[in-house]
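See structure below.
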Amino acid sequence: MDIERYGKFLIFKFEEKILLSHLRMEGKYYLAHYENSSYQKGLTYQPEEEDSKFNKHVHLVFEFTDESLLLYHDVRKFGRFYLFTYNDYLTNPRSPLVKLGHEPFNEKDGTYLYSKAQKFKKTTKELLLDQSVLVGIGNIYADEICFLAKIPPQKSAFTLTKEDCDLLVSKTQEVLNKALELGGSTVRSYHFANDASGRFQNELNVYGREGEPCYLCGTPISKTKIGGRGTHFCAHCQQELPSKKIRVIGVTGLISAGKSMVSSAFQKAGYHLVDADQIAKDCLVKGESCYQKVLETFGREILRSDGEIERSKLREIVVKDEVALTKLNSLIHPEVEAVIVEKIKDERKCFLLDVPLLFEAGLDKLCDLTIFVNTHEKVRRKRLIARGTMPLKEAAKLNSSLLEAIKKMAKVDVIIDNSLTREATDFQVKSLIEKIRQLNLISK
DNA sequence: CTGTAGACTTGGACCA
DNA sequence: ATATTCCAAGTCTACA
């Protein structure tokens with residue numbers, strides 16, 4: 001009997017039938033013999049004790065004529081089998097082999113990948129994971145390949161250049177070869193059939209390293225979701241700026257993420273700060289643009305004795321009532337936008353807009369560049385509690401959820417990761433400011 | 001059609 | 001400590 005491999009599929013060539021086997025994440029094969037177990041030929045399989053290879057996770061037993069056994073073991077029952085004939089296993093529309101793309105080891109350069117990328121409507125990471133493009137790349141390796149190629153995983157695949165694709169193909173070969181050499185990546189419960197572990201997990205640059213410093217630049221590794229998959233990357237090493245003059249920059253991020261740290265660095269570099277929260281506060285002052293409208297909507301009970309709006313009372317109302325929050329926003333946002341538009345008119349000056357709800361309020365359209373200040377969720381919680389100004393539950397409601405943060409991460413041009421040390425954050429901000437300066441020198 | 005979400009599966013990590 | 005909820009993986013299927 002012959003066994004071949006195509007992509008992630010094993011092809012068992014039996015006398016009459018073709019059996020395709022996909023191990024998915026934890027499937028594995030063990031060789032065994034009758035004499036080592038109470039297994040009896042042709043009988044319904046009875047699992048033995050836990051520590052035996054013949055345990056409850058064996059779901060399929062092959063009996064060979066020489067009385068040897070092949071056990072299929074899969075804790076997650078995630079693996080899949082397909083049965084075909086020699087005539088149709090490569091042509092049957094139901095055969096998973098039909099849809100498979102190229103073997104990355106056979107690619108001389110990025111020509112083929114480039115041709116696929118141009119028609120591909122999703123991200124670079126999804127391109128790499130798509131088995132109809134290149135076979136064999138899983139989630140861990142896709143992240144590692146993007147890192148080594150210094151390409152943001154969220155980059156639209158159709159914007160990849162031929163050179164990007166050359167690089168991606170060569171890094172794919174590099175990563176897969178290295179992984180093969182070291183016996184794969186043993187993370188969580190992935191294990192070899194001989195119970196040994198792979199060693200490639202020790203070589204991982206980004207996967208599973210959220211919040212830990214990048215080995216190249218010290219920036220904490222960011223994590224987001226792309227195509228439904230956890231995705232790890234270095235926001236500094238895998239960064240791409242828009243190729244236009246950058247005069248107005250919008251910065252956003254969850255509460256306690258460190259926006260103010262970023263804005264003060266930009267201020268030092270000569271940017272004029274436009275603080276949306278402050279503008280919103282100002283227009284609620286008695287006699288200012290939003291005062292009367294808000295009063296009409298929410299009634300006099302939000303007023304202090306001196307006739308000013310008590311903002312904490314307003315907050316209490318909108319925290320509980322989503323409709324009220326929407327209404328309040330619809331009153332304030334246009335006013336804030338008008339003030340900002342007026343403030344950033346001077347073409348000779350550069351501005352940094354600090355806007356917590358940059359995308360929700362549609363103010364990103366005023367910006368040449370958008371920044372999201374990211375923080376590992378655990379770190380953010382700690383800082384929020386340490387700050388002690390607001391109960392955590394209330395803060396959680398006031399802020400967009402982590403899920404929304406993940407969506408924003410896909411929208412912004414630049415991510416600054418503030419999960420680790422002040423130095424690491426400073427480094428990212430300074431190098432970003434320098435990159436923008438260089439870019440603007442060329443664009444002028 | 002395209003794009004997203006869910007189903008499948010289960011042990012471990014994490015939070016309350 | 002114990003129970004609970006979420007998460008990870010790769011691919012197919014269901015649905016808007």
Whole-Å distance, A:L129 CG to C:dA8 C1', equals 14 Å

Checking contacts here: which listed nucleotide (C:dA8, C:dC12, B:dT10) is nearest the side-chain heavy atoms of A:K99?
C:dC12

May I ask you to say whether A:D277 pairs ionically with A:K281, meaning some side-chain N is under 4.0 Å from a carboxylate O?
no

Applying side-chain contact (heavy atoms from CB on, under 4.5 Å) between A:L113 and each of A:L167, A:T172, A:L127, report the one that passes.
A:L127

Hey, is A:E4 close enough to A:K13 for a salt bridge, meaning N to O under 4.0 Å?
yes

Hey, does the side chain of A:K223 come within less than 4.0 Å of C:dA8's phosphate (OP1/OP2), counting only N and O?
yes

Quickly work out the A:M25 CE to B:dA7 P distance and round it to whole Å.
18 Å

Excluding sequence neighbours, so at least two apart, what forms side chain to side chain donor-acceptor pair (under 3.5 Å) with A:D417?
A:S222, A:N374, A:S419

Considering only side-chain heavy atoms of A:N139, which listed nucleotide, C:dA8, C:dA9, C:dT11, is closest?
C:dA9

Quick check: A:F158 with A:F120 (ring centres under 6.0 Å apart)?
no

Identify which nucleotide among B:dT10, B:dG11, C:dA8 has an atom closest to any side-chain atom of A:Y207, counting heavy atoms from C-beta outward.
C:dA8

Starting at CZ of A:R24 and ending at C1' of B:dC8, how long is that distance when rounded to a whole Å?
8 Å

Salt bridge flag under 4.0 Å for residues A:E174 and A:K171
yes

Value in whole Å for how far the P atom of B:dT2 lies from NZ of A:K121
5 Å

Just verifying a value: how many Å separate A:T252 OG1 and A:E360 CD, rounded to the nearest 0.5 Å?
6.5 Å

Choose from B:dC8, B:dT10, C:dT11 the nucleotide whose nearest atom is closest to any side-chain atom of A:R80.
B:dC8

Flag, side chain of A:S95 to backbone of A:L90, donor-acceptor distance under 3.5 Å
no

Is A:H22 close enough to C:dG10 that one of its side-chain N or O atoms is under 4.0 Å from OP1 or OP2 there?
no

When only distance counts, do a donor and an acceptor, one from the side chain of A:R76 and one from the base of B:dT9, lie under 3.5 Å apart?
no

Gap between atoms CG and P, on A:N92 and C:dC12 respectively (whole Å)
13 Å

When you check the phosphate oxygens OP1 and OP2 of B:dC8, does a side-chain N or O of A:K77 lie under 4.0 Å from one of them?
no

Are any of A:Q131's side-chain N or O atoms less than 4.0 Å away from OP1 or OP2 of C:dT11?
yes

Minimum-distance nucleotide (side-chain atoms of A:Y82 versus B:dT9, B:dG11, C:dC12):
C:dC12

So what does A:K119 hit on the nucleic acid, given a heavy-atom distance under 4.0 Å: a base, only sugar-phosphate, or nothing?
nothing

Between A:L10 (CG) and C:dG10 (P), how many Å, whole number?
15 Å

How is the base pairing of DNA chain B summarised as a dot-bracket string, given the Watson-Crick and G-U wobble criteria with both distances under 3.5 Å, [ ] for crossing and | for another strand?
.||||||||||||..|

State whether A:R209 and A:E212 are salt-bridged, where the test is any N-O pair (Lys NZ or Arg NE/NH1/NH2 against Asp/Glu carboxylate O) under 4.0 Å.
yes

Proximity to the side chain of A:K122 - top-ranked nucleotide from C:dC12, B:dT4, C:dA9
B:dT4

Is there aromatic stacking of A:F78 on C:dG10 here, judged by a ring-centre distance under 5.5 Å and a plane angle under 30°?
no

Closest nucleotide among C:dA8, B:dG3, C:dA9 to the A:K225 side chain:
C:dA8

Nearest-Å distance, CZ (A:R209) to P (C:dA8)?
18 Å

Would you mind telling me which residue lines up with the more 5' stretch of DNA chain B, A:V75 or A:E126, judged by nearest nucleotide?
A:E126

Over how many whole Å does the gap from A:Y6 atom OH to C:dG10 atom P extend?
19 Å

Under 4.0 Å, counting only non-hydrogen atoms across every strand here, what does A:G227 touch: a base, just sugar-phosphate, or nothing?
nothing

